[in-house]
There are 2 protein chains.
Amino acid sequence: MKSTKQSAVTAQDVADLAGVSRAAVSRTFTKNGSVSTETREKVEKAAAQLGYQINFLAQGLNRKRSMLIGVVVARLSDPFRSQLLEGLLNEIQARGYQALVTEVGNAEELEATIRRFTQFRVSGVIVTSGQPPIDLIKECIHFNIPVVGINRYAAIPNVDFVCSDNVTGAQLAAQQLIKSGCKSIGWLNYQYSTWGGITRGEAFSQVLQATEPWCYQQLVTICAQEDGYEGGRKAAHEMHKNGLKVDGIYCANALLACGFLDGMREHGMDAPNDFHIIGFDDTPQTAQYSYRLSTIRQDVIETAKRALWCLESRAQDASLLQRLEVVPVSLVLRNTSPESSYSVTQLKDK
Amino acid sequence: MKSTKQSAVTAQDVADLAGVSRAAVSRTFTKNGSVSTETREKVEKAAAQLGYQINFLAQGLNRKRSMLIGVVVARLSDPFRSQLLEGLLNEIQARGYQALVTEVGNAEELEATIRRFTQFRVSGVIVTSGQPPIDLIKECIHFNIPVVGINRYAAIPNVDFVCSDNVTGAQLAAQQLIKSGCKSIGWLNYQYSTWGGITRGEAFSQVLQATEPWCYQQLVTICAQEDGYEGGRKAAHEMHKNGLKVDGIYCANALLACGFLDGMREHGMDAPNDFHIIGFDDTPQTAQYSYRLSTIRQDVIETAKRALWCLESRAQDASLLQRLEVVPVSLVLRNTSPESSYSVTQLKDK
DNA sequence: TTGAAAGCGATACCAA
DNA sequence: TTGGTATCGCTTTCAA
């Protein structure tokens, strides 16, 4: 099957073999190519025989747009982030694109990254980490490249965002804790949290204020000095050292929650007996026997779908107004804050 | 700074502004371009003024090679895999490449994936999942694209592999269990394990045979019907149901180990009191308070470095003989198989 | 529907 | 060291 030529099979080779022009070959492999059935068949036969494959570099150069989508990620060691990436990869591939993935540490890196994305004439950019700098966005707009941010928000015209429904999440968590009889409620977040974490905290606070003014007044905000599991764990130690007590706690993400739970265990306290705890993210780890953490579940698949929808629709009409897609979340009840019939006060009385 | 032109700034624009030829611009941005300091300065000034950026698509088309490296991944939900991807991304970016990441489920997908990689004229392919099909490799060789596999092996000429040192890992684990006084030793793996898992098991078995014939004869091989955490957990249940007992167990990966440990806990048994357990991978989770699992640590950073080294060296000389890079591993002692002075028999006697 | 031809934007060879 | 030019492989008018 392989030609004796040194280099790759080109459209011209196929055209020669099929006895048609190279333009006909191109049309055969294009969506709206006007080709007669007869020509198409000849071309497809020849292409198969030669093992022809479109050169995406040449195609992209000509169309000023490649079948590439740039994805900005960070801290893949957080299971939720890798889960999200997995969802995005699936959706990107399902739609025939390829993912250009970059891990980014700081703002400057983000800038360099997006710049390289434009150099590849990507069909879209998905930012899951960092705030897209306004200048770069302008550059993308100049190249007519759609940009979408996930679990973050900024009032940038022409840039869409898709975020989990942090307000509903807060409501579900608050209701659940209240229903379970929690009296002194806490909120745990990392001091330099992401937009998502901050928003979740604000929503939680507002929900309490609106529905349980008394609890709201007592709301304890715990600020972890460190991010991730260790941050949560140390926050628990700190809280214990200060003699602070809460009987219900809501956490900005899964790692903080697992860490906090373990930190409390180190002091001999455990959920659901001594307190209830609800996390955010529903990563696989939260379901494991050693944690069985109740959490607010984010729907990564739906998130990925909507992100790609934003990209594709904006590619067709760049003048669209900014959109904010809110993805539904759900409460997954597990051991650390079980069914409401099983309240925290009953347990304490035992 | 931005030109009034609708489209992007090209080398010709820079050349015009700098008063030189477009070839001079190209040379200025190329490694071994012979340009006078004077010309270079003029060009750089003009380029900065216009905000010129090389079009990678055009560059790649001409050079028959893009600054892209294809990475094949799978099951990013396994923390070790996302850790490895993170390491690869860092190394790829550090060397000025961009990562084209594809998640792949089965063999056909792998084929389609690698095919698309060649269509982008990638500078190299890294396979972290699945066995690179021989035909595809041929195709890569035809395009002169280097291929490297991670934590897998096959006797394919011209394809390099970099693997963790599974033999040393087995030795470290075996020594540690023996030193701790374990008498009936077990090996846990998934029934359709990867090459890495299988190799670890074989090495473990051989080490025992060579150094502790008596233990080798008693070696219990536990075969999980399912992969990951749940596989390990169910294997523990199964073992308990069958009345099987082991006092030291070595596991093919971190998830299996965590699952097995939790499964045993559900039956009221825990490490290190009732048995010792050593995992593989040293993912962040294994360090957490609820597990504190002793494990064999894989060095993802070194693995990534060597993978890129293989790619780059083979890009220079495609005729190199196949290389197998063995990356050192280390034993991380934690709670589930603590310092040897603290043996399993002593504990049982307490 | 078809083919001829003009790009897309950069590189590299060759002569000066 | 320079600039002119052919080339990389495909897409897309424009006539026919």
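These values consider heavy atoms only, across backbone and side chains, with no hydrogens, waters or symmetry-generated copies.
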- Note on the structure: From the list B/Arg323, B/Arg306, B/Gln322, side chain to side chain donor-acceptor pair (under 3.5 Å) partner of B/Asp160 resolves to B/Arg323
- Query: With A/Gln298, which of A/Asn151, A/Asp165, A/Thr303 fulfils side chain to side chain donor-acceptor pair (under 3.5 Å)?
  - Reply: A/Asn151
Looking at every strand, decide which applies to [X] at a 4.0 Å heavy-atom threshold: base, sugar-phosphate, or nothing.
| X | answer |
| --- | --- |
| A/Ser26 | base |
| A/Ala23 | base |
| A/Tyr52 | sugar-phosphate |
| A/Val25 | nothing |
| B/Gln53 | sugar-phosphate |

How close or far is atom [atom2] of [N] from atom [atom1] of [X], stated in whole angstroms?
| X | N | atom1 | atom2 | value |
| --- | --- | --- | --- | --- |
| A/Arg27 | D/dC10 | CZ | P | 15 Å |
| A/Arg65 | D/dT12 | CZ | P | 13 Å |
| A/Met67 | D/dG9 | CE | P | 21 Å |
| A/Asp16 | D/dC10 | CG | P | 12 Å |
| A/Arg22 | C/dT1 | CZ | P | 21 Å |
| A/Glu41 | C/dT1 | CD | P | 15 Å |
| B/Gln12 | D/dT5 | CD | P | 12 Å |
| A/Phe56 | D/dG9 | CZ | P | 15 Å |

Could you work out which one of [options] sits closest to the side chain of [X]?
| X | options | answer |
| --- | --- | --- |
| B/Ser36 | D/dG9, C/dA10, D/dT2 | D/dT2 |
| A/Val20 | D/dC10, C/dG3, C/dA10 | C/dG3 |
| B/Gln59 | C/dG3, C/dA10, C/dT2 | C/dA10 |

- Message: Quick check on contacts: within residues 116-125 of chain B, what sits under 4.0 Å from DNA chain D by heavy-atom distance?
- Response: none
- Ignoring hydrogens and angles, state whether a donor on the side chain of A/Asn55 or A/Gln59 is under 3.5 Å from an acceptor on the partner side chain.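 Distance-only check fails for A/Asn55 and A/Gln59.
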Under 4.0 Å from OP1 or OP2 of [N]: is there any side-chain N or O of [X] that close?
| X | N | result |
| --- | --- | --- |
| B/Lys64 | D/dG9 | yes |
| B/Thr39 | D/dT1 | no |
| B/Ser34 | D/dT2 | no |

- Message: Tell me if the CD1 atom of B/Ile301 is crowded by more than 12 foreign heavy atoms within 6.0 Å.
- Response: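 Counting neighbours around CD1 of B/Ile301, 12 or fewer heavy atoms of other residues, nucleotides or ligands fall under 6.0 Å, so no.
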- Item | B/Arg95/B/Glu91 ion pair, N-O < 4.0 Å |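 Salt bridge flag = yes for B/Glu91 with B/Arg95.
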So how far is it from [X] [atom1] to [Y] [atom2], rounded to the nearest 0.5 Å?
| X | Y | atom1 | atom2 | answer |
| --- | --- | --- | --- | --- |
| B/Thr128 | B/Arg75 | OG1 | CZ | 11.0 Å |
| B/Ile150 | B/Arg81 | CD1 | CZ | 11.0 Å |
| B/Leu17 | B/Lys42 | CG | NZ | 11.0 Å |

- Message: Between B/Leu61 and B/Ser21, which residue's closest nucleotide on DNA chain D lies nearer the 5′ terminus?
- Response: B/Ser21
